[in-house]
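Comments concern the structure below.
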Amino acid sequence: MRAKRRGAFASTVLLLAGLALTLGACGKSDSDSSSPPSEAKPSSQVQAKDTSKSGDSKTLRFGTASGYYPFTFQNDAGKLDGYDIQVAEAVAEKLGYKVEWTTAEFSGLFGLLDSGKIDAIANEVRMTDERRKKYLFSRPYVYSGTIIVTKKGNDAVKDLASLKGRTVASHYGSAYAKFIEKYDTGKEITLKYYEERSALLKDVSLGRVDAYLTDKVGGPLEIEKTGLPLQVAGPPVDSFENGIPFADNEKNREFLKRFDEALEQLRSEGVLTELSRKWLGTDVATPPAS
């Protein structure tokens, strides 16, 4: 009699366990198991994830080339760092966004932006007339100028005119290359293009290429950081402003208003100046007196 009761009890337990598994499977919808997260979908807009269920914050996807010390680079811990990186993250934090970084060569960043794989670029992007026609720009967070850099001891290069008959190194898609093309109406300067920043710096330091153009504030710091035999040739040859570009569409126009408000709050609070002095040793965030 006891053996029969034990058998009946075991059968009941197995039956209840099977029923529980069946009910659990029915309670999970198809959308729960197969829908990809929204942030994985390429888009030219700034997308915010639904935080009501996941608990995750909204995400802003930035692209950077990470080889432009002290604006954007990888620190000793292998993490992205520098003035541009920290400015972008400070604005995002002000807006309640997390930041997702994508690194690529500079020449590929605008392609990522055009295809919607990133939302914006934080990488010393000069606000040229050509770029303004295609992209939406934040308000400037850098007010600077252009200098010429040559191999140490090459005193023959001292200004733009002395670049005629010489070779200038640049990156694909660089505003500095466009600047040279606009200046060099007689086609007397040869441009040599590079993908990697380190290769460009090395070739100029070895005299394989005569010069390159760079930021007047960051350039000397980059030379000091690399330890390469390079020197600044003469005074700045122009002035410019850097901003953060977004794809030009209606949603980004609305978002950019909020982005600029946060940027201006950081400026008025002194955060931009503090970051600028930290990384550049001077204030590039404050507009020059007119």
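Every value quoted in this text rests on a predicted model; they were computed, and no experiment measured them.
Residues meeting the side-chain hydrogen bond (donor to acceptor under 3.5 Å, both in side chains) test with Asp215, sequence neighbours left out: Ser144.
Remark: the backbone N or O of Ala65 is paired with a side-chain donor or acceptor of Asn123 at under 3.5 angstrom. Panel note: side chain Asp260, backbone Ser138; no donor-acceptor pair is recorded below 3.5 Å. One N or O on the side chain of Ser205 and one on the backbone of Lys202 form a donor-acceptor pair closer than 3.5 Å. In this structure, the side chain of Thr214 does not engage the main chain of Gly219 through any donor-acceptor pair within 3.5 Å. Side-chain atoms of Arg61 come within 3.5 Å of backbone N or O of Gly116 as a donor-acceptor pair. With hydrogens and angles disregarded, a donor-acceptor distance shorter than 3.5 Å links the side chain of Asp238 to the backbone of Thr146. Under the 3.5 Å distance criterion, the side-chain polar atoms of Ser276 are left unmatched by any main-chain donor or acceptor of Leu272. Using a distance-only test at 3.5 Å, with no hydrogens or angles considered, no donor-acceptor pair links the side chain of Asp119 to the main chain of Leu60.
In this structure, Phe73 and Ser66 have side chains that are not in contact, with every pair of non-hydrogen atoms separated by 4.5 Å or more. In this structure, the side chains of Leu213 and Ser170 stay at 4.5 Å or more apart for every pair of heavy atoms. You'll find the side chain of Tyr212 reaches within 4.5 Å of the side chain of Leu201, heavy atoms only.
Using a 4.5 Å cut-off between side-chain heavy atoms of Ile, Leu, Val, Met, Phe, Trp and Tyr, with links allowed through other members, Val271 and Tyr83 fall into the same hydrophobic cluster. Hydrophobic clustering places Val99 together with Phe71 (ILVMFWY residues linked when any side-chain heavy atoms are closer than 4.5 Å, directly or through intermediates). No continuous path of hydrophobic side-chain contacts links Val168 to Tyr194 [ILVMFWY only; heavy atoms under 4.5 Å]. Leu109 and Tyr176 are members of different hydrophobic clusters when ILVMFWY side chains are connected at heavy-atom separations under 4.5 Å. There is no path of hydrophobic side-chain contacts, each under 4.5 Å, that joins Trp279 to Ile147.
Taking 4.0 Å as the cut-off between side-chain N and carboxylate O, Glu269 and Lys94 count as a salt-bridged pair. A salt bridge between Glu254 and Lys251 is absent, with no side-chain N of the basic residue lying under 4.0 Å from a carboxylate O of the acidic one.
The local environment of CD in Glu89 is crowded, with over 12 non-hydrogen atoms from other residues, nucleotides or ligands closer than 6.0 Å. The environment of CD in Glu93 is sparse: at most 12 heavy-atom neighbours from other residues, nucleotides or ligands sit within 6.0 Å.
Atom CD1 of Ile189 sits about 4.5 Å away from atom CD1 of Ile180, to the nearest 0.5 Å. To the nearest 0.5 angstrom, Lys164 atom NZ is 7.0 Å from Asp184 atom CG.
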N/O donor to acceptor pairs below 3.5 angstrom from side-chain atoms of residues 153-162, sequence neighbours left out:
residue: Asn154; atom: OD1; partner: Ala156; partner atom: N; Å: 3.3
residue: Asp155; atom: OD1; partner: Gln231; partner atom: NE2; Å: 3.1
residue: Asp159; atom: OD1; partner: Ala161; partner atom: N; Å: 3.3
residue: Asp159; atom: OD1; partner: Ser162; partner atom: N; Å: 2.9
residue: Asp159; atom: OD1; partner: Ser162; partner atom: OG; Å: 3.1
residue: Ser162; atom: OG; partner: Lys158; partner atom: N; Å: 2.9
residue: Ser162; atom: OG; partner: Asp159; partner atom: N; Å: 3.0
residue: Ser162; atom: OG; partner: Asp159; partner atom: O; Å: 2.7

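In this structure, Arg126 forms a cation-pi arrangement with Phe179, its terminal cationic atom sitting closer than 6.0 Å to the ring centre and no more than 45° off the ring axis.
In this model, no donor atom of one side chain and acceptor atom of the other lie less than 3.5 Å apart for Glu124 and Thr72.
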